[in-house]
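Have a look at the structure below before the remarks.
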2 protein chains.
Amino acid sequence: MATRTRRSQRRTEALSRQRIVEAAVQLLDAAGEGGLTFRALTERLATGPGAIYWHVANKSELLDAAADAVVAAAVALKPAEPPGAPPGEIRAVALGLFDAIDEHPWLATQLAMQLSRSPWGSVTTRIFESIGQRVRALGVPDGNLFTATSALVHYILGAVGQNAANTRVDGLHVDRGEFLDAVSTAWEELDPDDYPFTRAVVDQVREHDDREQFLAGIDFVLTGITALHLPSGQACTPPAA
Amino acid sequence: MATRTRRSQRRTEALSRQRIVEAAVQLLDAAGEGGLTFRALTERLATGPGAIYWHVANKSELLDAAADAVVAAAVALKPAEPPGAPPGEIRAVALGLFDAIDEHPWLATQLAMQLSRSPWGSVTTRIFESIGQRVRALGVPDGNLFTATSALVHYILGAVGQNAANTRVDGLHVDRGEFLDAVSTAWEELDPDDYPFTRAVVDQVREHDDREQFLAGIDFVLTGITALHLPSGQACTPPAA
DNA sequence: TTCCAGCATGGAGCGCTGTTCCAGTACTGG
DNA sequence: CCAGTACTGGAACAGCGCTCCATGCTGGAA
């Protein structure tokens, strides 16, 4: 459904799926998740709903395409790193996603929703592939590749999903200190009997660095994979069941 | 806003926040995420929108409350296990969530959305606390509790979010074999140049067991935490950067 | 050059949603 | 018994995703 012959010039400037997706991303960036409306889209593209629906099946597909476009750019910006350092590359890919969500806050919710609605959609698969290649380069045996990669991807998606909203609310930048203060304060008012642990670590919330913590989590998973599935790691004892 | 004096009997059966949340959960269970409508809710409760809005601020709060109710039941069903086996308890809590999502498929999307929209809302905090208590019992030093617990929670939320839709689509049960077949087939049609890894592990998709893989991921994180933050684990070398 | 099939467009409008408003009812303290 | 508050539910509103369809535009055949 995409046999497009060359087109010199059309009415104003030929409408295309790509132009629609680009406009969608811009609207999402500008006004947050609620900002993407077919009304707003028609206005921005100076057209009508019918024209858009000719190129895109429905809003869900449009959101998928928007997320896919941003994610594709995020996980692909490897400047041909010298091979041999897969852990570093995995961190780089993950941080690419982390930064993409920082630039496009709506991506967090979108990623999370796509993960649970169509678990093996194009976006997830893209990330899975990018991470998986590096996991294989790590030396993980073939039989464990799927499990190891899945674990990494799950952690990454869970973490980036949360950390996104740490800096923005409804598309507006929020002072990070204020935000963490609010969280800390809320946690300090929790019932000490029900939430002893949360109250105990409340101070660490204010001090922690998102990126550092994100990378620390990746290192946990990588260490686990190394210890449990790499010959050199077999000496380590897994936690007793 | 809840000074409720004793109430003998009202019109039919006093409307209350709890009754509304229960009805919401039932609607979600029965008809999926799209099934929760204020129209449907008013019909089921034989009332009007105004009555519901007196007890609940908006739909978002209602969804939060519904998710919170289900999650609270899921993470709290510890039958006073004998202490001393924190890893097993962590797996139990995580599996509790896993099963809750299997029973209430809408919870996956809801959890994911709440994670990214209000990252430290009541649901997340509840899980964080439940896991955190066990991480502390593991012997992780105080300074690393927040990082370690966050990593675990992020992995768990990422994983359960995805595995939910593995068994159902739009609230209907889907044969697992068929579903995985569809995924495998789709993956086999990917471009070999762009997706060498995904195509290489396509067979493992069909064979893998969700719960096993979920637990394997938890073990990766637990092993990583043990190796990097527990004295006994310091002998292990983390993956080279 | 002329004509036409059909790709592509955009405006009107449908059914549905979350939400608000408010007049009215049930209940309670004085 | 009554005044006042707590609560109810019906009507209505703005906005949403989406469909329908008459119309315009365009590349190829004649």
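Below, chain A is the first sequence line, B the second, and so on; all start at residue 1.
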Applying the side-chain hydrogen bond (donor to acceptor under 3.5 Å, both in side chains) test to A:Ser130, which of A:Arg126, A:Arg134, A:Gln133 qualifies? A:Arg134
Please list, by residue number, the residues of residues 59-66 of chain A whose heavy atoms come closer than 4.0 Å to an atom of DNA chain C; answer none if no residue qualifies. none
For a 4.5 angstrom cut-off between non-hydrogen side-chain atoms, does B:Leu111 reach B:Val71? yes
Rounded to the nearest Å, what distance is computed from the [atom1] atom of residue [X] to the [atom2] atom of nucleotide [N]?
{"X": "B:Ile52", "N": "D:dA6", "atom1": "CD1", "atom2": "C1'", "value": "17 Å"}
{"X": "B:Leu41", "N": "C:dT19", "atom1": "CG", "atom2": "P", "value": "12 Å"}
{"X": "B:Glu43", "N": "D:dG9", "atom1": "CD", "atom2": "P", "value": "14 Å"}
{"X": "A:Leu15", "N": "C:dG10", "atom1": "CG", "atom2": "C1'", "value": "11 Å"}

OP1 or OP2 of D:dT8 under 4.0 Å from side-chain N/O of B:Trp54: no
Distance check: side-chain N/O of B:His55 vs OP1/OP2 of D:dA6, anything under 4.0 Å? no
Looking at B:Glu43, I want to see if its CD is surrounded by more than 12 non-hydrogen atoms of other residues, nucleotides or ligands under 6.0 Å. no
C:dA8, D:dG17, C:dT19: which one has an atom nearest the side-chain heavy atoms of A:Tyr53? D:dG17
Side chain of A:Thr47 (C-beta onward), nearest among C:dG18, D:dG9, C:dG10: C:dG10
Once you apply a heavy-atom cut-off of 4.0 Å, does [X] come out as touching a base, just sugar-phosphate, or nothing?
{"X": "B:Ala46", "result": "sugar-phosphate"}
{"X": "B:Thr37", "result": "sugar-phosphate"}
{"X": "B:Phe38", "result": "base"}

Under the ring-ring contact (aromatic ring centres under 6.0 Å, His included) criterion, do B:Phe197 and A:Phe128 qualify, and how do the steps go? CA-CA 9 Å; B:Phe197 174 79; A:Phe128 184 79; 5.5 Å; yes
Ranking A:Gly50 and A:Gly34 by the position along DNA chain D of their nearest nucleotide, the one closer to 5' is A:Gly34
Judged by each residue's nearest nucleotide on DNA chain D, which is more toward the 5′ side, A:Leu36 or B:Ala51? B:Ala51
Side chains of B:Glu22 and B:Gln26: is there a donor and an acceptor less than 3.5 Å apart? no
With a 3.5 Å cut-off and heavy atoms only, can you find an N or O donor on one side and an acceptor on the other between the side chain of A:Arg39 and the base of D:dG15? no
For A:Phe146 and A:Trp120, take the angle between the two ring planes, folded into 0 to 90°, and tell me which bin it lands in: parallel under 30, tilted 30 to 60, perpendicular over 60. tilted
Working for side chain to side chain contact (heavy atoms under 4.5 Å, CB included), residues B:Gln110 and B:Asp64: CA-CA 8 Å; B:Gln110 198 48 37; B:Asp64 279 17; 4.1 Å; yes
